[in-house]
Amino acid sequence: MYWSKLFIPTLREAPAEAEVVSHKLLLRAGYVRQLAAGLYSYLFLAQRSILKITAIVREEMDAIGAQEFLLPALNPAELWQESGRWDAMGANMFRLQDRFGRDLCLGMTHEEVMTSIARGELRSYKQLPQIWYQIQTKFRDEPRPKSGLLRVRQFIMKDSYSFDLAPEGLDVSYEKHRQAYCRIFDRCGLKYVTVEAHSGAMGGSQSQEFMVASDAGEDWVVECPACGYAANSEKAVAVAAPPQAADPDGDFTPEEFHTPGRKTIAEIAEFTGLPATSQMKSLVMVADGAPVLALVRGDHQLSETKFQTATGADECRAANAEEIRQWFGADAGSLGPVGAKNMRLMIDETLRGRRNLIAGANKDDYHLKNVTPGEDFQAEFIDLRQVVEGDTCAGCGGRVKLTKMVEIGHIFKLGYKYSKSMGLRITTEEGQETAPIMGSYGIGIERILSAAVELYHDKDGMMLPPPIAPFTVVITPVNFGDTAQREAAERIYSECKRAGLDVVLDDRDERPGVKFKDADLVGIPYRVTVGKKLPLGLVEVVERRERKSQDLPVDQVAAHLRELL
RNA sequence: CGGGGCGUGGCUCAGCCUGGUAGAGCGCCUGGUUCGGGACCAGGAGGUCGAAGGUUCGAAUCCUUCCGCCCCGACCA
C-alpha cells in the first residue's frame with residue numbers, strides 16, 4: 001500500500017482529553033477516534049491490528065478444538081431473567097424495548113445465550129465435551145469509562161464456554177484454555193503474568209487472570225519474586241508485618257478513656273502514643289441489608305471483595321451515618337466491637353492472638369483500651385484485609401511486591417450456575433439426567449492492543465510487537481521525487497510484497513523528518529530508508545525498538561526482512 | 001452518584017477577572033524555494049466561542065439552567 005493513499009491521521013500533539021500513554025498514542029498515531037465517553041471508532045490502523053490479534057486468537061482457539069460461533073448482541077430479557085442476571089446486572093446492562101414493548105438488552109457476556117443453545121441441542125454425554133467461542137462485541141454501561149480503550153462501554157471480546165460431564169472434564173477444558181491463552185499472549189508479544197483471581201460470591205471454584213503491568217491498570221497484583229506466588233489483591237493472602245509495639249501483657253478488662261475530638265487512627269495514635277498497629281479499626285458494613293462489623297488492624301485496609309466473599313452476600317456497602325448512629329449510638333470515629341449488638345462481627349486473621357488493644361467505645365469521644373478479641377467480644381476470624389507492600393509471602397516468607405496491572409484475560413470455572421438455573425440437562429452413560437459443568441473464558445481484544453502500547457512505547461511513539469503491528473515494514477524514500485530512489489523503493493516494495501510482508505511505501509511528498517516521525521509514531525517495526533547511500537547500491541534497515549540500523553544491498557532487503565519476521 | 005477540572009477553526013491553547021467589531025502556533029489550500037529527524041517565504045480558506053434562557057445599548061466575557069468530555073472516589077460479570 002502507498003501511504004499517500006491511506007487515511008492515517010497522525011497528530012503532532014495529543015488531544016487534551018487523553019491522559020494515559022496508550023490513549024494518547026492511539027489518538028496521535030491515528031489508530032482511533034473517540035465518539036463519546038467509552039465509545040471509540042477504530043480507524044484503518046487499529047482495525048488492522050485488531051484483525052491480526054483476532055487471527056492469532058482464532059488459530060489458538062481452533063487448535064484446542066474450540067468451535068467458533070457468532071451470537072446476537074441483542075438479547076431478550078427472558079433469558080437473563082432465567083439466570084437471575086436481568087436484575088443482578090443492575091445499571092451495568094444496557095436495556096431497551098422493541099416496538100412492541102418487549103424488553104431487550106445488549107449482551108455483556110453470553111453465558112445465557114450459550115446455555116440456551118446447549119439446552120436446546122445437547123442431549124447425551126456422548127456429545128461432551130464441547131467448547132464454543134465467539135469474537136464479538138460486548139456492551140457494558142460502565143459507571144466511569146476511562147483510560148482510552150482500557151475501560152469502555154463497547155468492546156470486542158473473545159468469549160468461550162465449555163460444557164463437560166464432570167469436574168475432571170472441566171479441569172481439562174480449563175487447562176486447555178490456560179495453555180491457549182499463554183500461547184495467544186506470547187504470540188502477541190506481551191509480557192504478562194497469570195494470577196489467582198477472585199471467583200465471585202456465587203460458587204465458582206477457581207479462576208485466573210492474565211495481567212500486564214501498567215500504571216494505567218486498575219488491579220493490584222501481589223507477587224512473590226522468590227517463589228512465584230501471584231494473586232490479584234482482591235484474593236491475595238500474605239503475612240502482615242508484626243505490630244510496631246508489643247501488646248501489654250496481662251489479663252486486663254477494657255477501660256474507657258476520654259478522646260475528645262480524636263476520631264481517626266492517626267489521631268488516636270498520636271494521643272495515646274501507641275502505633276496504629278495497636279488499634280482495631282472498626283468498619284460498619286451492610287451486607288444484603290444486615291449490619292456487619294468488620295475489624296482490621298489499625299494500619300490495614302478492609303478488602304471489600306474479601307469481605308463480601310466472606311459474608312456470602314450479593315450486595316455489600318459501607319453503612320451511612322444515620323445507620324451507624326442507630327446501631328451503635330455513636331458516630332464513626334468512636335466505634336468498636338465491645339457491646340456491638342444484633343450484628344455479625346468479623347475480625348481479620350492478623351488480629352488473632354493479639355491482646356489489650358485499643359478500639360472505639362461506642363460512645364462519642366471515648367475509646368477503650370485493653371480490648372482482647374475472643375475474650376471481650378466474640379467474632380469470626382477471617383482474612384479480610386488488603387495485602388500491602390512490606391508483607392511477606394505466606395508460602396516462602398519472601399517479601400511480596402504489589403504492581404498495578406491491566407487484566408487482558410480471565411478463565412473461570414463456572415460450575416453449575418447456568419446449567420442448573422436454565423435447565424440444561426443431558427443423559428449420562430447410566431441413563432440418568434444430569435447438569436453439565438461449565439467454564440467461561442474471556443479475552444479483551446482491544447486491551448491486548450492497549451496493553452502492548454502501554455508496555456512498548458518511547459517518546460516518539462509506539463513500538464508494537466511485529467505480530468500485531470498494522471504494518472511490519474515501511475519503505476521510506478528520503479526524496480520520492482528522485483527517480484533512482486523511487487525505483488529502488490518500488491522494487492523493494494514489490495519484493496517485500498512477494499515475500500508476504502505487510503509493507504507500506506511512504507510515497508508522500510514530505511520532508512524526510514515528517515516521514516520518519518510518522519513511522520516511529522505509528523510504530524512500524526522495521527523501516528527501510530532509501531536515501532544517500534543508494535548510489536552505492538545500499539539502503540538502511542532500521543529496527544524501531546532498538547533503533548539498530550544496518551546497510552544492505554537493495555536486492556537483499558526483502559529476503560533479510562523475511563528472515564526477521 | 002459524590003468531589004474537582006475543562007468546553008473558543010482539524011489539534012494545542014490565549015482572550016473571560018475588569019463586557020465594546022474573535023486571536024496565535026501547528027495543520028489545511030495555492031504558488032515558489034527546499035529535501036536524512038515534524039523546513040522557509042508569499043498569499044488564502046476555515047469559528048452560530050458546547051446549548052438554551054437572562055442581564056445589558058452591547059455578552060466568548062456577567063448570571064441561571066442544561067449538555068458534553070476528562071480526572072479522583074464509589075462501582076466493575
Side-chain angles (χ1 to χ4, degrees), chain A residues 9-20 23-24 27-28 30 33-40 80 83-94 105-112 138-148 150-153 155 157 159 161 197-202 204 207 209 216-219 232 234 304-305 308 314-318 320 406-407 410 412 414 417-418 440-442 444 459-461 476-482 485 506 508-522 527-534 539-540 542 547 549:
Chain A
T10 57
L11 300 170
R12 282 181 188 235
E13 289 167 291
E17 70 265 17
E19 192 114 337
V20 309
H23 189 199
K24 282 184 183 167
L27 288 168
R28 276 195 64 204
R33 287 295 182 262
Q34 184 172 21
L35 185 63
L39 299 175
Y40 286 84
W80 289 77
S83 71
R85 293 209 292 183
W86 179 259
D87 293 322
M89 290 301 192
N92 258 25
M93 189 151 74
F94 279 106
C105 66
L106 296 176
M108 314 174 62
T109 172
H110 280 76
E111 281 82 2
E112 280 80 358
K138 301 287 184 258
F139 297 86
R140 295 179 189 184
D141 196 357
E142 292 289 343
R144 185 149 96 82
K146 58 189 242 192
S147 310
L150 286 174
R151 186 161 213 80
V152 290
R153 296 193 291 173
F155 60 96
M157 184 186 236
D159 48 322
Y161 306 86
H198 169 62
S199 337
M202 60 221 195
S207 94
E209 290 166 329
E218 298 184 79
D219 288 292
N232 193 307
E234 289 179 342
E304 292 202 19
T305 308
Q308 180 165 355
D314 291 326
E315 212 182 309
C316 288
R317 61 173 173 86
N320 60 40
V406 175
E407 178 188 345
H410 198 162
F412 192 72
L414 272 181
K417 177 178 165 68
Y418 299 93
S440 84
Y441 318 87
K459 64 174 175 46
D460 293 314
T476 310
V478 168
N479 182 354
F480 197 66
D482 180 281
Q485 285 188 18
D506 195 346
R508 291 177 297 169
D509 182 20
E510 290 285 356
R511 293 172 60 84
V514 174
K515 293 186 270 197
F516 295 155
K517 289 285 184 191
D518 275 346
D520 287 351
L521 183 57
V522 166
R527 187 183 78 218
V528 180
T529 307
V530 182
K532 60 191 173 197
K533 292 170 191 161
L534 187 61
V539 297
E540 285 166 42
V542 186
R547 297 201 187 283
S549 171

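Chain identifiers are assigned alphabetically (A, B, ...) following the order of the sequence lines, protein sequences preceding nucleic acid strands; residue numbering begins at 1 within each chain. Keep in mind that the numbers below use all heavy atoms, side chains included, and drop hydrogens, waters and symmetry copies.
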request  = Return the nearest nucleotide to the side chain of A:T529; candidates are B:rG36, B:rC13, B:rG37.
outcome  = B:rG36
key: Separation of the C1' atoms in B:rC70 and B:rU30, to the nearest angstrom   = 39 Å
key: Carboxylate-amine/guanidinium proximity below 4.0 Å for A:E111 and A:K417   = no
query = Is A:R511 side chain donor-acceptor paired with the B:rU34 base, going by distance under 3.5 Å alone?
reply = yes
key: Sugar-phosphate, base or nothing in reach of A:R527, heavy atoms under 4.0 Å   = base
key: Short side-chain donor-acceptor distance under 3.5 Å, A:K146 and A:H23   = no
query = Between A:V514 and A:E234, who's closer to the 5' end of RNA chain B by nearest nucleotide?
reply = A:V514
message = Using a distance-only criterion (donor-acceptor N/O pair, under 3.5 Å, no hydrogens), is the base of B:rG38 paired with the side chain of A:D518?
response = yes
ask   = Think A:R317 has a side-chain N or O under 4.0 angstrom from the OP1 or OP2 of B:rA74?
value = no
task = Under a 3.5 Å limit for both distances, which nucleotide forms a Watson-Crick or G-U wobble pair with B:rA39, could you say?
result = B:rU33
ask   = Donor-acceptor pair under 3.5 Å: do we get one between A:R28's side chain and the base of B:rG10?
value = no
request  = Indicate yes or no for a side-chain donor-acceptor contact from A:K515 to the backbone of A:P477 under 3.5 Å, with no hydrogens or angles considered.
outcome  = yes
task = Quote, to the nearest angstrom, the C1' distance that separates B:rC49 from B:rA59.
result = 11 Å
key: Same-atom distance (C1') from B:rG53 to B:rG15, integer angstrom   = 25 Å
request  = Look at all strands and tell whether A:A16 reaches a base, only sugar-phosphate, or nothing, counting heavy atoms closer than 4.0 Å.
outcome  = sugar-phosphate
inquiry  = Tell me if the side-chain of A:R12 makes a donor-acceptor pair with the base of B:rG25, cut-off 3.5 Å, by modelled atom types.
reply    = no
Below 4.0 Å: OP1/OP2 of B:rC70 and any side-chain N or O of A:Q34 = yes
key: Main-chain N/O of A:Y40 paired to A:R33 side chain as donor or acceptor, under 3.5 Å   = no
inquiry  = On RNA chain B, compare the nucleotides closest to A:T109 and A:K517; which residue's is nearer the 5' end?
reply    = A:K517
task = For B:rC62 versus B:rG7, give the span between their P atoms, rounded off to a whole number of Å.
result = 12 Å
inquiry  = Please classify the nucleic acid contact of A:E304 as base, sugar-phosphate, or nothing, using heavy-atom distances under 4.0 Å.
reply    = sugar-phosphate
key: Separation of the P atoms in B:rC16 and B:rG50, to the nearest angstrom   = 15 Å
message = Taking A:R144's backbone N and O only, do any of them form a donor-acceptor pair with A:E142's side chain (distance below 3.5 Å, no angle check)?
response = no
query = Can you tell me how far P in B:rC1 sits from the matching atom in B:rG58, rounded to whole Å?
reply = 37 Å
key: Sugar-phosphate only, base, or nothing, as touched by A:A14 at under 4.0 Å among non-hydrogen atoms   = sugar-phosphate
request  = Give none if B:rG9 has no partner; otherwise give the nucleotide forming a Watson-Crick or G-U wobble pair with it, both distances under 3.5 Å.
outcome  = none
ask   = Side chain of A:A37: nearest nucleotide among B:rG37, B:rC71, B:rC70?
value = B:rC70
ask   = Is the base of B:rG38 touched by the side chain of A:E510 through a donor-acceptor pair closer than 3.5 angstrom?
value = no
query = In the strands shown, is B:rU21 matched to any nucleotide by a Watson-Crick or G-U wobble pair with both distances under 3.5 Å, and which?
reply = none
message = Can you tell me whether the side chain of A:N479 and the base of B:rG36 have a donor-acceptor pair closer than 3.5 Å?
response = no
message = Work out how far the P atom of B:rU48 is from that of B:rA52, and round it to whole angstrom.
response = 12 Å
request  = For A:K146, report the nucleic acid contact type (base, sugar-phosphate, nothing); a contact means any heavy atom under 4.0 Å.
outcome  = sugar-phosphate
query = Reckon A:D460 touches a base, only the sugar-phosphate, or nothing at all at heavy-atom distances under 4.0 Å?
reply = nothing
message = Donor-acceptor pair, distance only, cut-off 3.5 Å: does the side chain of A:E304 make one with the backbone of A:C316?
response = no
query = When the P atoms of B:rU56 and B:rC75 are considered, how many whole Å apart are they?
reply = 49 Å
